[in-house]
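For ligands, and for the atoms within them, numbers begin at 1 and follow the listed sequence.
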Amino acid sequence: MAKSERRRQIEGMVLYPIDWLEERSGLVGGVKYFLFRKVPGDLGWAHTLGSATLTAFLVQAITGVILAMFYKPSPDEAYESIQHITNDVDFGWLVRGMHRWGASVFIILLFFHMARVFLYGAYKYPRELNWIVGVFLLILGMFEGFTGYLLPYDQTAYWATVVGINLNGTAPIVGPFLAQFLSGGAEIGADTLSKFYALHMLVIPGAIFALIGLHLYLVIRLGVTSPPWSPEAAGRDRGAPVETGRGRRGLVRPGGRGSANGQ
Ligand code: HEM
């Protein structure tokens, strides 16, 4: 059936900005490729853990920005500003609760995702680099939790940070420098709090965003692995008979997915 003139006009109006952007950036094609790329047919729920971790991180980023609009990083005002957020600001209790509990959700999902990658052998050739990027994400995620814990500046926050800094101080060689850097002086005070705040809301999330970008680029470039019980599991050649005796091909003679003989 022929399209009505009105419909064609509306379609033109909607498509014009999209075409404009695509012609000048190729972004629309990139997004289409990301959303409609092929993945193995035998993926399951365990493969959604990476996206779940990403969602948890985005929730932290959004709720964190809202909290930063009301939080005051000074020893005299930090605790009061958190009380103000919880008791007076509209939905402040909800945003703060989501950020506080969301931090645990993020770390738990991070570990579940890492366990899935480990148990499925998805860290094997050619995805070792993505595993290494993941290790940095894990370390940064833990540091994000550590720096955020001081911010309410109550007794728990203060003493937990004392323990954390002293623990770091016991590391060989770098320990004392690390402890000195973290506390920013002889004891925990105003400098420590503003340093932790800057790390917590600028430096570490910025680094995590950048590394997630690299992580997802590698996921898209290399493709997602099938489960280990699949004929197309990580490290196995498509169509090649399963080798016995010398270990599977992917472990001893790396071959890319789909390569006939690992050359
Ligand atoms: C902020 C933290 C992280 C985010 C947002 C994230 C996100 C993702 C996503 C969306 C995928 C593709 C889907 C999936 O396999 O679930 C993925 C795959 C992968 N991730 Fe992560 N990840 C994070 C942390 C980690 C950590 C800590 C490790 C390991 C130390 C890791 C190692 C990998 C590997 C090796 C793959 C490829 C798996 C495959 O091809 O099957 N990731 N990640």
Side-chain angles (χ1 to χ4, degrees), residues 30-65 98-149 199-238 240 248-251 254-259 262:
V31 171
K32 263 194 198 157
Y33 177 76
F34 173 69
L35 290 177
F36 299 105
R37 71 193 196 280
K38 288 205 185 320
V39 294
D42 46 11
L43 302 189
W45 283 102
H47 280 86
T48 61
L49 286 165
S51 308
T53 315
L54 178 61
T55 309
F57 177 71
L58 292 179
V59 169
Q60 290 307 98
I62 294 165
T63 51
V65 167
M98 284 174 74
H99 198 75
R100 203 178 165 90
W101 288 95
S104 303
V105 172
F106 171 63
I107 298 286
I108 291 168
L109 285 172
L110 201 63
F111 273 99
F112 277 145
H113 168 57
M114 197 168 75
R116 193 293 284 173
V117 170
F118 180 70
L119 293 172
Y120 279 29
Y123 53 82
K124 288 181 208 165
Y125 177 87
R127 296 182 182 78
E128 304 95 319
L129 179 61
N130 219 10
W131 175 268
I132 293 168
V133 173
V135 170
F136 281 105
L137 279 169
L138 180 68
I139 295 169
L140 287 173
M142 309 268 249
F143 255 98
E144 189 67 345
F146 178 57
T147 48
Y149 209 78
L199 289 172
H200 184 77
M201 53 94 74
L202 279 172
V203 182
I204 305 176
I208 292 182
F209 259 119
L211 283 183
I212 287 180
L214 178 58
H215 198 63
L216 294 186
Y217 164 74
L218 288 173
V219 167
I220 294 166
R221 185 182 157 86
L222 302 170
V224 181
T225 48
S226 291
W229 51 87
S230 157
E232 291 179 29
R236 225 185 254 188
D237 264 353
R238 215 184 253 175
R248 282 218 313 271
R249 182 182 290 275
L251 292 173
R257 172 198 279 274
S259 68

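- Contact atoms of ligand 1 toward R116: 14 (C), 15 (O), 16 (O), 38 (C), 39 (C), 41 (O) (distance under 4.0 Å to a heavy atom of the residue).
- A 4.5 Å side-chain heavy-atom check between F111 and L138 finds at least one atom pair inside the cut-off.
- For atom 13 (C) of ligand 1, the closest heavy atom belonging to the protein is H47 O, 3.6 Å.
- Here the heavy atom of the protein found nearest to atom 28 (C) of ligand 1 is G134 CA, 3.4 Å.
- E128 does not count as a contact of ligand 1, since none of its heavy atoms falls under 4.0 Å from the ligand.
- Residues W131 and K124 have side chains not in contact (no heavy-atom distance under 4.5 Å, counting atoms from C-beta outward).
- Looking at heavy atoms from C-beta onward, L199 lies out of side-chain contact with F143 at the 4.5 angstrom threshold.
- Counting non-hydrogen atoms of neighbouring residues, nucleotides and ligands closer than 6.0 angstrom, the CE atom of M201 exceeds 12 such neighbours.
- The aromatic rings of F106 and F57 are tilted relative to each other, their planes meeting at an angle between 30° and 60°.
- Remark: the backbone N or O of T48 is not paired with any side-chain donor or acceptor of R116 at under 3.5 angstrom.
- The nearest non-hydrogen atom to atom 5 (C) of ligand 1, considering only L54, L49, V133, comes from L54.
- In this structure, the protein non-hydrogen atom closest to atom 41 (O) of ligand 1 is T225 OG1, 2.5 Å.
- Distance from atom 32 (C) of ligand 1 to its nearest protein heavy atom, with residue and atom name: H215 CE1, 3.5 Å.
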Exercise for the section: Apply the test side-chain contact (heavy atoms from CB on, under 4.5 Å) to residues L54 and L216: give CA-CA distance (whole Å), side-chain angles for both, the deciding distance (0.1 Å), then the verdict. Expected result: CA-CA 10 Å; L54 178 61; L216 294 186; 4.1 Å; yes
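- Heavy atoms of V117 found under 4.0 angstrom from ligand 1 belong exclusively to the side chain.
- For L110, every heavy-atom contact with ligand 1 shorter than 4.0 Å involves the side chain, none the backbone.
- Where the criterion is an N or O separation shorter than 3.5 Å, residue side chain and backbone included, T53 fails it with respect to ligand 1.
- Among all non-hydrogen protein atoms, the one lying nearest atom 11 (C) of ligand 1 is V219 CG2, 3.8 Å.
- Atoms of ligand 1 lying under 4.0 Å from at least one heavy atom of L216, given by number and element, are 9 (C), 10 (C).
- Within the structure, the closest approach of W131 to ligand 1 falls below 4.0 Å when heavy atoms are considered.
- In this structure, the side chain of H113 does not engage the main chain of L49 through any donor-acceptor pair within 3.5 Å.
- Proximity of V224 to R37: side-chain heavy atoms (C-beta onward) are separated by under 4.5 Å at one or more points.
- Of all atoms in ligand 1, numbered sequentially from 1 with element shown, those under 4.0 Å from a heavy atom of G223 are 40 (O).
- Using a distance-only test at 3.5 Å, with no hydrogens or angles considered, a donor-acceptor pair links the side chain of H47 to the main chain of T225.
- Residue A122 has at least one heavy-atom neighbour below 4.0 Å for each of these atoms of ligand 1: 35 (C), 38 (C), 39 (C), 41 (O).
- In the candidate list Q60, E144, H113, H113 is nearest to atom 23 (C) of ligand 1, counting heavy atoms.
- For the pair L140 and A207, the tightest heavy-atom approach, listed with the atom from each and the gap, is CD1-CB, 3.8 Å.
- Using a 4.0 Å heavy-atom cutoff, L218 is absent from the residues neighbouring ligand 1.
- Annotation: atom 9 (C) of ligand 1 to nearest protein heavy atom, G50 CA, 3.7 Å.
- Ring orientation note: the planes of F118 and Y123 are close to parallel, at an angle under 30° on the 30°/60° scale.
- For ligand 1, the atoms sitting less than 4.0 Å from at least one non-hydrogen atom of V224 are 40 (O), 41 (O), numbered in the order shown with element in parentheses.
- Contact atoms of ligand 1 toward V135: 30 (C) (distance under 4.0 Å to a heavy atom of the residue).
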